[in-house]
> 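What follows is a structure written as structure tokens; I'll ask about it next.
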Amino acid sequence: MSVAYDYKVRTEYKGDVPRLRAAHTVVAEFPFQASLPIRGYTRRTLFIDLDTMSVREKPVTEEMIDIFTGGRGFGMYYLWHAITPETKWNDPANEIIISPGPIAGNPQYAGSGKSLVVTISPMTGIPIDCNVGGYFGPLLKFCGFDALEIRGKAKADTVIFIDGPSGLIRLEEAPEETPDSHVAAEVFTHMYAADAKDLQNVSVVSAGKAAETAYMGCLNFSWYDPKRGAVRLKQAGRGGTGTVFRDKRLKALVVRGPKMGPNLNNAADLPSVIRVGRIINQEIHDHDDEQCRMRRQGTAHLVEIMDAYDLLPVHNFQYGKHLDTHRIDSQVWDKRFTQAVPDRCWYGCGMACSKGADGHIVRTGPYKGHIVTVDGPEYENVGGLASNCGLFDPDWLLEVNFYCDTYGIDTISYGTTCAFIMECWEKGILNAERTGGIDLSWGNGESEVELLHQMWRGEGFGVHVGKGVRYLQDLFIENGWGDPQFIRDIGMQIKGLEISQYMSKESLAQQGGYALANKGPQHDEAWLIFMDMVNNQIPTFEDKAEALHYFPLFRTWFGLQGLCKLPWNDIEPPDNHEKYPGPEAAKVPAHVDNYLALYTGITGRPLDRASLLEQSERVYNFQRVFNLRMGQGVRAFDMPPYRAMGPVTKAEYESRAERYDAQLKDIVGIDPAGKSTEEKMALHRQWRTDRYNRLVDAVYKRRGWTPNGVPTLETLKKLRIDFPEVVEVVKAHQE
Amino acid sequence: MLRVNDTPLEFEAGMTVRDILRRRNYVWRMIAVYVNGELVPRTTYDTRQVPDGADVKVIHQIAGG
């Protein structure tokens with residue numbers, strides 16, 4: 001692959017700003033009193049109704065802080081009160097809520113710049129939550145708002161500009177700009193910054209044009225990279241947030257905040273915050289090179305490790321490794337990423353893992369010939385867009401990655417969906433007639449990109465693909481294309497959301513991690529593969545249930561605070577395993593203590609390990625009840641496809657026959673000798689399905705839920721979320 | 001016979017911690033190895049011999065996504 005480039009050279013779009021701005025019409029303008037947070041909270045929410053083009057402030061109450069904390073918690077709270085059980089994703093009543101959390105905006109502790117996005121998902125019909133980097137959330141808070149709540153639909157493409165230093169909010173019709181994010185983010189950053197020094201104080205949220213036809217649209221949150229002189233992007237990827245955004249005819253949200261400073265949160269105890277911040281950044285400095293190498297490779301460091309342990313998805317999760325993985329592994333990206341530039345998506349983060357591949361010359365589509373910086377690829381993009389689709393060409397991967405981002409398409413859902421249709425092509429369920437001539441052979445990167453262009457143009461088979469695996473399963477079955485059971489077995493979605501890029505067949509705990517996740521199968525809730533499958537540290541159902549209680553709650557906490565998960569356990573104190581032998585080490589207790597000090601240092605509120613989990617448990621159970629309120633949230637929606645649990649095809653079984661035969665003999669207690677592959681597969685299916693159901697029983701019990709997966713009234717009461725409207729939802733499900 | 005992460009592994013005389021890691025294809029660089037409950041210093045993986053019947057734990061410190 002080509003690596004001769006200047007990382008500061010790229011196609012520029014800002015030259016068009018005067019013409020584009022001249023086409024804007026100011027629809028409404030609202031003055032406001034900008035303010036900085038006190039102890040992490042501003043105690044105000046900005047509410048915008050696009051139906052009426054009106055703006056008002058709402059107070060953030062003490063009860064909201066006490067029960068819902070912030071971030072994802074505030075998002076769930078506002079969404080609950082905004083909609084009814086009948087509300088669909090594209091109803092005006094559906095909202096997009098962005099909330100940064102009380103710790104967000106802190107520059108001392110690594111990974112403190114996150115925003116949480118909550119909306120009803122077009123993919124699932126239930127709330128989705130996304131934890132995203134970039135500067136928007138912290139700058140929003142430094143303008144004076146703990147959350148931004150948007151309802152309604154504009155009549156024309158609209159930009160919302162929140163200008164903190166001027167104390168003004170403007171709603172503008174913006175007819176000319178493309179919504180494609182690598183252009184839109186640059187254009188709007190330069191349009192609304194006061195001058196060159198102000199570029200870092202502006203952040204843009206946008207979604208590309210493909211999000212208008214796809215259900216899997218994502219949101220891009222920007223941050224200005226001064227070394228490159230480029231506007232960079234981070235994605236609120238999962239569940240169709242960008243689809244809702246474009247359905248509301250939002251072209252961009254733009255925030256302009258004050259100049260960044262060391263204590264804009266007005267921390268209660270800044271010395272404590274600085275103390276733990278120094279500890280984590282020193283650890284990263286001293287040990288990242290010998291541990292995860294996040295500073296050089298980002299999460300792409302995982303590629304060859306997953307391959308070595310048979311966990312890298314290949315050919316729609318059929319297999320866990322491939323001979324060509326070396327062509328897309330971390331060594332490739334180590335060279336391809338521009339090194340020694342500060343790739344941090346928020347100030348002060350020593351982990352700096354927002355890697356960028358500069359100098360990519362676009363090969364196809366409307367931006368053919370442009371020189372662009374591709375943000376990533378991260379591990380998920382390599383696993384989803386590449387290996388899972390049999391693609392082992394890094395340049396085509398960059399092309400697909402670039403277009404997913406700028407068009408506003410979730411790389412995880414798109415990767416898993418492409419892998420699904422490629423297997424359908426291989427098995428004869430799809431053919432050229434059915435795809436409109438698109439060749440979906442494994443590894444065809446050009447076809448992956450062409451489907452994105454079709455979504456962008458709103459035509460062809462790509463429009464169907466953009467609606468995801470569940471939609472395609474229904475379409476294929478309705479058309480009589482292929483065996484329905486097989487299509488159900490190999491379609492890697494749960495609750496309508498595509499599974500992210502880890503093989504879960506040999507980790508029962510990870511199957512639960514995916515299928516029991518509130519929003520759908522995203523690994524940010526529980527990633528237990530090594531603890532379970534390799535380390536064998538949680539062998540019993542009760543052990544796994546305990547892990548599936550603790551870790552999802554602990555990870556939820558990051559989303560309440562505006563924190564990134566990565567500095568929790570992608571860097572560890574070197575003595576972690578000496579101090580904490582056994583499974584306790586997986587919690588990285590020293591870092592948990594850092595977080596307690598960080599939270600108390602900023603908010604002034606006491607917190608111990610138990611009350612940290614309780615903060616999460618309240619929101620987690622509230623979200624589970626929310627799912628129930630939307631007609632889901634029970635056991636039937638927590639079942640993974642069989643491909644996530646075991647071998648669907650003979651080829652899968654026979655490729656790992658030694659493993660599967662040994663499991664039958666040693667664990668199930670059945671001698672496989674003399675049995676056909678089909679017979680052995682059927683035995684596996686029975687065993688694997690049974691043990692999954694036993695796991696679910698154990699997890700529900702541990703979580704204080706009924707056997708059907710509904711939080712009990714006692715659980716709600718214990719968590720102090722037994723509000724009348726919540727009790728009303730669950731009381732009919734207490735059997 | 002050894003037990004490595006609670007699964008059997010055939011014992012060979014003179015077997016070191018490094019040999020076990022190689023046999024199991026445990027290539028991740030962040031691991032902690034315990035032999036009969038004792039943490040083995042990383043610097044001795046090449047020389048530390050493991051006795052027959054030992055209970056070996058190879059704990060991967062890896063966090064994933």
> Please verify the inter-ring angle class for A:Phe530 with A:Trp527; under 30° counts as parallel, over 60° as perpendicular, anything in between as tilted.
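Rings of A:Phe530 and A:Trp527: parallel, under 30°.
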> Could you tell me whether A:Arg296 and A:Asp288 have a side-chain N and a carboxylate O separated by less than 4.0 Å?
no
> When you compare the side chain of A:Ser387 with that of A:Val382, does any pair of heavy atoms fall below 4.5 Å?
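With C-beta onward as the side chain, the pair stays apart.
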> May I ask you to say whether A:Arg238 pairs ionically with A:Asp410, meaning some side-chain N is under 4.0 Å from a carboxylate O?
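Looking at A:Arg238 and A:Asp410, the cut-off is met.
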> Kindly state whether the ring of B:Tyr26 and the ring of B:His60 have centres lying under 6.0 angstrom apart.
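Yes, ring centres under 6.0 Å apart.
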> Identify which part of A:Glu578 has an atom lying under 4.5 Å from any heavy atom of chain B, answering side chain, backbone, both or neither.
both
> Go through A:Ile305, A:Val534, A:Asn535, A:Val588 and name the one with the most non-hydrogen pairs under 4.5 angstrom from chain B.
A:Asn535
> Spell out the residues in residues 28-45 of chain B that have some non-hydrogen atom less than 4.5 Å away from a non-hydrogen atom of chain A, in order of number; otherwise answer 'none'.
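Residues in range: B:Trp28, B:Arg29, B:Met30, B:Ala32, B:Tyr34, B:Leu39.
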> What part of A:Pro539 gets within 4.5 angstrom of chain B, counting heavy atoms only: side chain, backbone, both, or neither?
neither
> Determine, for A:Lys519 against A:Asp524, whether the closest basic-nitrogen to carboxylate-oxygen distance falls under 4.0 angstrom.
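Yes, this pair counts.
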> Go through A:Arg293, A:Gln501, A:Glu290 and name the one with the most non-hydrogen pairs under 4.5 angstrom from chain B.
A:Arg293
> Is A:Lys587 positioned over the aromatic face of A:Tyr580, cation under 6.0 angstrom from the ring centre and no more than 45 degrees off axis?
no
> Would you mind checking which part of B:Val58 comes under 4.5 Å of any heavy atom in chain A, side chain (CB onward), backbone (N, CA, C, O), both or neither?
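Contact with chain A is through the backbone of B:Val58 alone.
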> Just by distance, with hydrogens left out, do A:Ser354 and A:Glu378 show a side-chain donor and acceptor under 3.5 Å apart?
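No, no side-chain donor-acceptor pair sits under 3.5 Å.
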> Look at the aromatic rings of A:Trp568 and A:Phe551 and report parallel, tilted or perpendicular, splitting at 30° and 60°.
tilted
> Between B:Lys57, B:Gln61, B:Arg24, which has the largest tally of heavy atom pairs under 4.5 Å with chain A?
B:Gln61
